[in-house]
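Each remark here refers to the structure printed beneath this line.
Nothing fancy with the numbering, it's 1 onward along the sequence.
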Amino acid sequence: MDAEQFRKAGYAAVDEIIDYFTNLQSRRVASSVSPGYLRPLLPAKPPDEGEEWGDIQKDIEAKIMPGLTHWQSPDFMAFFPANSTYPSILGEMYSAAFTAPAFNWLCSPACTELETVVLDWLCHLLHLPASYLSTSATGGGGVIQGSASEAIVTVMVAAREQYIRRHCRLAVPQPASEVEAEDGEWRLRTRLVALGSEMSHSSTQKAAMIAGVHYKSIPVDVTDDFALTGRGLTEVLQDLTRRGWEPFYLTLTLGTTSTCAVDHFKEIAEVKKQFPDMWVHIDAAYAGAALLLEEYQELTDGFEAFDSFDVNMHKWLLTNFDASCLFLPCREPLISALTITPPYLQNDHSSSGLVTDYRDWQIPLGRRFRALKIWFVLRSYGVNGMKNHVKRHIGLGDVFANWVKDEGSDLFELVAPPRFALTVLRVKLPEEKKEKATTPFVMSKAATTETKVDEGLASNDIFPLPNEADRGRQIDTLTRTNAVTKEVYERINSNGDILLTSTMIKDCYAIRVVGANEQTDEQHLRKAFEILARTTEEVLRKLESKAGSE
């Protein structure tokens, strides 16, 4: 492909992308193909001779589109959004053209320096503490990671190495021998425990697997809106230390995946004073975008006490994947844990200490020029445009939740308070309308049909169960409610008009609805509510008919 052929192909590709965005509403949100659909449509081997771009481009619609789930669709209300916009796509185009691996400053100074600048911009926009700026006296700064999961792995490794230095090498500055010091370090490694609440994203547990440390999940309760509290954390920390374990890392969450719960940061900042060497990371992958708005700035109270913060611009902030922004008030532990400088990476600029080498802030060596698309998005939308984008979706989420509470009160029950454009609901069975509403999901212990009735349920002071008959009835109701809610969810997604996700909260099966794509408007959420209500009525009628025939 020469320059003129590329120009023609580029115009054609841009036209097709614009048509794709324009006509998203007409496409089925979820793919309906079966596993293995693509192999029979493609040749067994690549062509011997190059093909014309026009022939290649035709296969995008014919062969690739049928296997896509359309995350940019206004009817995509599953998981969390993965917004892509024209400015961010342009950023990817330039990044692909430049293809600078950017592992150190010398590779392409602009790659490094633009990243530093735009992350300082974002730090200000999110109202993070000044210590998270690259210019801070504490030596802070930001770096773009591939995902929030990658950020957690990265800071957990830094936390592990920092904890070991402080508690092994520095605690015993003059060991009897090098072997003795090494033995002590490895004994300490076997006792390290990473923590997260039971509502934390699974990436924390996976990071612990990768880092070779233990993982402990901390229970949360409905009375705290499923958020981790200082009290709950303290109980677990005291238990672990009493048993000889070393809690060295904790993930807090601003907007958990299941319910968008916000952990109690100020309380936990106080707890951290008793455990100063425990690294505390804030996972704000989706809901961190709300910090743009003045009404959410109070959520950052206590952040000064923590060690890292991460938000994904590729979720709610109009930037296509991948653009996960990790901030630290002090970068030294990260660099100390990840720096290795073989001769072929040495240069005068890096040795001078006057430049940033982002390879020392991440697990891989090479990195893409991701700062470009962030720069393009921030400049194209401006601060007010970004704020309006987030505020609009929060308002739409409130509208949808009110429909559930008012028009849908006979069909649905909210499982958690609506937050950040997310509504979490379950189906309400007919008998629950006649009796006083019960909420099986508040049980602090598993309440499945396999659970023994004397296994701690009677001691639950949140929802006391006075006798065995009530326990059995509640477990039966929970089981049937879960089954009905699951059937509603599966019917809706198999139809494909909208796409939702489900979750388990304690033992309650629930449906999540989050409308935060750029094109999503009230009409799309109204359509989703009507599909939910109509499908639920169909399932309940089937259930009633079946009960009547038995």
Exam field: side chain [X] to backbone [Y], donor-acceptor pair closer than 3.5 Å:
X	Y	result
D263	A227	no
T256	A261	yes
H127	L291	yes
D307	V280	yes
R160	A337	no
T85	L318	yes
N402	D398	yes
R426	T481	no
D360	I335	no
H314	S84	no

List the atom of [X], the atom of [Y], and the distance in Å for their closest heavy-atom pair.
X	Y	answer
Q362	P364	NE2-O, 2.8 Å
T423	P418	OG1-CB, 4.3 Å
M199	S258	SD-CB, 4.2 Å
L126	G288	CD2-O, 3.5 Å
V488	I511	CG1-CD1, 4.2 Å
P219	S217	CD-O, 3.7 Å

- prompt: Passes salt bridge (Lys or Arg N to Asp or Glu O under 4.0 Å), K527 versus D497? Steps please.
  reply: CA-CA 9 Å; K527 171 184 172 182; D497 287 336; 5.4 Å; no

So, do [X] and [Y] sit near enough that their side-chain heavy atoms are less than 4.5 Å apart?
X	Y	result
F248	I164	no
L192	Y249	no
R231	H264	no
S147	N312	no
L292	L317	yes
I374	I144	yes
K272	L250	no
L195	L240	yes

Pairwise distance [atom1]([X]) to [atom2]([Y]) - rounded to 0.5 angstrom:
X	Y	atom1	atom2	answer
T154	W361	OG1	CH2	12.0 Å
N320	R370	CG	CZ	11.5 Å
F420	L293	CZ	CG	9.5 Å
N83	H393	CG	NE2	7.0 Å
I218	L233	CD1	CG	5.0 Å
L396	D521	CG	CG	6.0 Å

task: Using side chain to side chain contact (heavy atoms under 4.5 Å, CB included) as the criterion, point out the one residue from V404, V427, L411, I492 that pairs with L532.
output: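 In the set V404, V427, L411, I492, the residue that makes a side chain to side chain contact (heavy atoms under 4.5 Å, CB included) with L532 is I492.
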
message: Name the residue from L326, D283, D310 that meets the side chain to side chain contact (heavy atoms under 4.5 Å, CB included) definition with I152.
response: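 Testing each of L326, D283, D310 against I152, the sole residue satisfying side chain to side chain contact (heavy atoms under 4.5 Å, CB included) is D283.
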
field: Stepwise side-chain contact (heavy atoms from CB on, under 4.5 Å) test for R367 and V143
entry: CA-CA 11 Å; R367 52 205 329 276; V143 58; 3.4 Å; yes

Which of parallel (below 30°), tilted (30 to 60°) and perpendicular (above 60°) describes [X] and [Y]?
X	Y	result
Y286	W316	parallel
F400	W403	perpendicular
F327	F309	tilted

Does [atom1] in [X] sit with more than 12 non-hydrogen atoms of other residues, nucleotides or ligands closer than 6.0 Å?
X	atom1	answer
K216	NZ	no
F275	CZ	yes
M504	CE	yes
K266	NZ	no

- request: Quick one: list whatever passes salt bridge (charged side-chain N to carboxylate O under 4.0 Å, His left out) with R191, sequence neighbours left out.
  value: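 Once residues adjacent in sequence are excluded, the partners of R191 under the salt bridge (charged side-chain N to carboxylate O under 4.0 Å, His left out) criterion are E246.
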
field: Check against salt bridge (Lys or Arg N to Asp or Glu O under 4.0 Å), R189 and E185
entry: CA-CA 6 Å; R189 286 179 182 270; E185 176 182 322; 3.1 Å; yes

query: Can E198 and K506 be said to form a side-chain contact (heavy atoms from CB on, under 4.5 Å), step by step?
result: CA-CA 9 Å; E198 64 177 294; K506 295 295 187 179; 2.7 Å; yes

Pairing of [X] and [Y] as salt bridge, 4.0 angstrom limit:
X	Y	value
D322	R368	yes
E530	R526	yes
R165	E161	no

message: Quick one, L499 with D75, criterion side-chain contact (heavy atoms from CB on, under 4.5 Å). Give me CA distance, side-chain angles, the key distance, then yes/no.
response: CA-CA 7 Å; L499 190 67; D75 293 320; over 6 Å; no

query: Do you see a donor-acceptor pair shorter than 3.5 Å between the side chains of S308 and H281?
result: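 Side-chain D/A pair, S308 to H281: present.
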
task: For T204 and Y215, test the side chains for any donor-to-acceptor distance below 3.5 angstrom and give the result as yes or no.
output: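 Side chains of T204 and Y215: no pair found under 3.5 Å.
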
- prompt: side-chain contact (heavy atoms from CB on, under 4.5 Å) between K428 and D410: does it pass, once the steps are laid out?
  reply: CA-CA 7 Å; K428 188 184 294 184; D410 286 342; 5.8 Å; no

task: Tell me whether the centres of the aromatic rings in Y132 and F303 are closer together than 6.0 Å.
output: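 Y132 vs F303: aromatic centres not under 6.0 Å.
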
